[in-house]
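Here's the structure we're looking at; comments come further down.
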Amino acid sequence: ALCWGGTLVMVENALDLPTVADEQVRYVSMVPTAAAELLRTGGIPASVRTVNLAGEALPNELAQALYALGTVEKVRNLYGPTEDTSYSTYSLVGRGAEQVLIGTPLANSQAYVLDGQLQPVPVGAAGELYLAGDGLARGYANRPGMTAERFLPCPFGAPGGRMYRTMDRVRRRADAGGELEYLGRTDFQVKVRGFRIELGEIESRLVEHPAVHTAVVLAREDLPGDTRLVAYVAADETVSVDELRAHLSERLPAYMVPAAYVRLEALPQTPNGKVDRKALPAPEGGAFASRGYEAPDGETEEALAQIWAELLGVERVGRNDHFFELGGHSLLATRLVSRIKRDLDAELALVDVFENPELAPMAQLVLDAQLAQFDPEQMAELLAMARAGGVE
C-alpha cells in the first residue's frame, strides 16, 4: 500500500475489520477462514473492492460469495510457502468461475512442474511444484540436512541458481492460460488455520503411548469452514480421551494437538491393506476431552453452554468444560465473543476467552458485563437479588 501511495491500516485481529470501516478501506488481505467469518457476520465494509486471500486453500464458494456482495470487484487467490516469502503465484478468481486455481508466478519468480527425475512434465500432466526466484529463502536455520533436502540446485536458468521443493502436486492448465491447478500434497502435511502440520509427527507421538497400538490423524471439516485435527487410535479400552490429549500436550505445540480422539478396535483397511481413511467416522461427543459432566447452573450458564455446543458441534457442555479442550480455537473464540454480544448482550474481549476458558468462570464474566450496563443503583439492587439467589 505504501509503495503505491495508499494508507496502510493494520488491525490486531482480521475480524476487527468492521471497526476501521470509516477509513474507507478498499483493499484487504487475510486468510480465507477470517474472510468467511466476516462474510457470515456482515463484517466486510461496503468500501472494499479487492480481497486478497492467502495462507489456506480458497474454496470457490467463498470467492463467489464475496462477489455476491455486489461491492467486491476482485478476489485474488495467493499461493506461496514461507520458504518463498511471501507469495509465489497468484490468480484472479473469475466471477462465476467453477474452480479456483493458484495462478502464475509473481514477477522475478519461477514455477516448475517436474517429475521424479526433475524433468518438466507436459502441460496438463500432474507433477511436483518447485519454486525459484528472488523470494527464495537461504534455507532452514541450523538445519543443514533439511535445507539440502528441500533447497536444490536449479537445472534451469543461470548457473548457481536454487529451487525449493514444495511437495505440492500441481498441473498447468492449457485451458486457463497455463495457470497452475493445485492437486494436493505429496506427503501428509496439512495447513490448519495458517499452521503447517505434519500429520505423521502427531501419529508417531500417539503410538509412543503404551496403550496405543496404531494411529491415524486426519484434518476434517465436519463443521462448515472449521477444519479440526481428529486422531483415530486402535488402543486398549483403558485409555481415555483426556489421557491421550495430555500425552500429546506434553510433546507437541498446542496447534498440533487434535481436538478429538476416536478409539476403534482396529483401523479400517482397503483391499490392499492400507488404512482406509475415507471409512474413518466423524467424531461424536465422547471423542472430545471432558472434565466430568456437571450441568450448567443458572440461565447464564445454560445460555452460554448452548452457544458453545452450536459453535463446537458437541451434544452437551458442562459447567466445568474447557472451550479449547472441546475443539475451540482462536477463530471460534472470536465467533464466541460475537455470539455472546448478539445473544446475551454482553461485551467480552477476546483475551477474556483465553484467560477464562471454562464455562462457569466465563458465564460469570458474562453476567458481570451485563450488570455493568446498569447504573450503580440498579446494579447494586440486581447484585443483591443475585446473591440472594445464591450467585456470587
Side-chain angles (χ1 to χ4, degrees), residues 9-23 25 30 33-46 193 223 225-226 254 288-314 316-392:
V9 181
M10 299 184 69
V11 293
E12 290 187 7
N13 189 317
L15 300 187
D16 291 335
L17 183 58
T19 65
V20 299
D22 292 342
E23 301 285 350
V25 175
M30 65 185 74
T33 48
E37 179 61 15
L38 284 169
L39 191 64
R40 189 187 69 83
T41 58
I44 296 179
R193 290 180 291 281
L223 294 175
D226 181 25
F288 297 89
S290 174
R291 297 192 169 193
Y293 181 75
E294 183 179 346
D297 184 14
E299 292 184 1
T300 303
E301 287 190 12
E302 290 174 357
L304 187 59
Q306 181 61 34
I307 294 173
W308 279 31
E310 293 174 9
L311 289 178
L312 299 171
V314 296
R316 68 177 187 178
V317 175
R319 67 191 316 264
N320 299 319
D321 280 335
H322 189 291
F323 184 76
F324 298 103
E325 290 180 1
L326 288 180
H329 48 73
S330 56
L331 183 60
L332 282 178
T334 59
R335 293 177 64 179
L336 175 61
V337 169
S338 298
R339 284 289 302 274
I340 290 173
K341 182 178 181 180
R342 188 192 74 185
D343 297 354
L344 303 181
D345 192 26
E347 289 262 8
L348 292 191
L350 189 59
V351 68
D352 291 330
V353 177
F354 286 92
E355 293 181 348
N356 301 271
E358 296 178 9
L359 183 82
M362 191 183 297
Q364 185 61 54
L365 286 181
V366 171
L367 183 59
D368 292 343
Q370 292 171 332
L371 294 175
Q373 300 178 48
F374 297 92
D375 62 45
E377 290 185 4
Q378 287 179 310
M379 189 164 65
E381 182 180 347
L382 287 169
L383 282 172
M385 295 171 59
R387 285 171 180 150
V391 177
E392 290 299 326

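Taken from CG in L304 to CG in L367, the straight-line distance is 11.5 Å, to the nearest 0.5 Å. Atom CG of D321 sits about 4.5 Å away from atom CG of L326, to the nearest 0.5 Å. With rounding to the nearest 0.5 angstrom, the CG atom of L359 is 11.5 Å from the CG atom of N356. Here the straight-line distance linking atom CZ of R335 with atom CZ of R342 works out to 10.0 Å at 0.5 Å rounding.
Considering only residues two or more places apart in sequence or on other chains, A349 meets the side chain to side chain contact (heavy atoms under 4.5 Å, CB included) condition with V351, D352. Residues passing the salt bridge (Lys or Arg N to Asp or Glu O under 4.0 Å) test with E299: none are found, sequence neighbours excluded. Evaluation of the side-chain hydrogen bond (donor to acceptor under 3.5 Å, both in side chains) rule for D297 yields no partner, not counting sequence neighbours. Every side chain to side chain contact (heavy atoms under 4.5 Å, CB included) that A34 has, sequence neighbours left out, goes to A14, L15, M30, V31. For A346, the side chain to side chain contact (heavy atoms under 4.5 Å, CB included) partners are I340, V366, A369, Q370, not counting sequence neighbours. Residues that satisfy the salt bridge (Lys or Arg N to Asp or Glu O under 4.0 Å) test with D343, not counting sequence neighbours, are R339. Legend: residues meeting side-chain hydrogen bond (donor to acceptor under 3.5 Å, both in side chains) with Q306, ordered by chain and number and at least two apart, are E310. For V353, the side chain to side chain contact (heavy atoms under 4.5 Å, CB included) partners are F323, F324, A333, L336, V337, M362, not counting sequence neighbours. When the salt bridge (Lys or Arg N to Asp or Glu O under 4.0 Å) test is applied to R40, the partners found at least two apart in sequence or on another chain are E37.
The nearest pair of heavy atoms linking V317 to W308 is CG1-CE3, 3.4 Å. When every heavy atom of R319 is checked against every heavy atom of P296, the shortest pair comes out as CB-CA, 4.1 Å.
Sorted by first and then second residue, the ring-ring contact (aromatic ring centres under 6.0 Å, His included) pairs with a member in residues 327-349 form an empty list; sequence neighbours excluded.
With a 4.5 Å cut-off on side-chain heavy atoms, I307 and L344 count as touching. Residues L350 and S330 form no side-chain contact, since every pair of their non-hydrogen atoms from C-beta on lies 4.5 Å or further apart.
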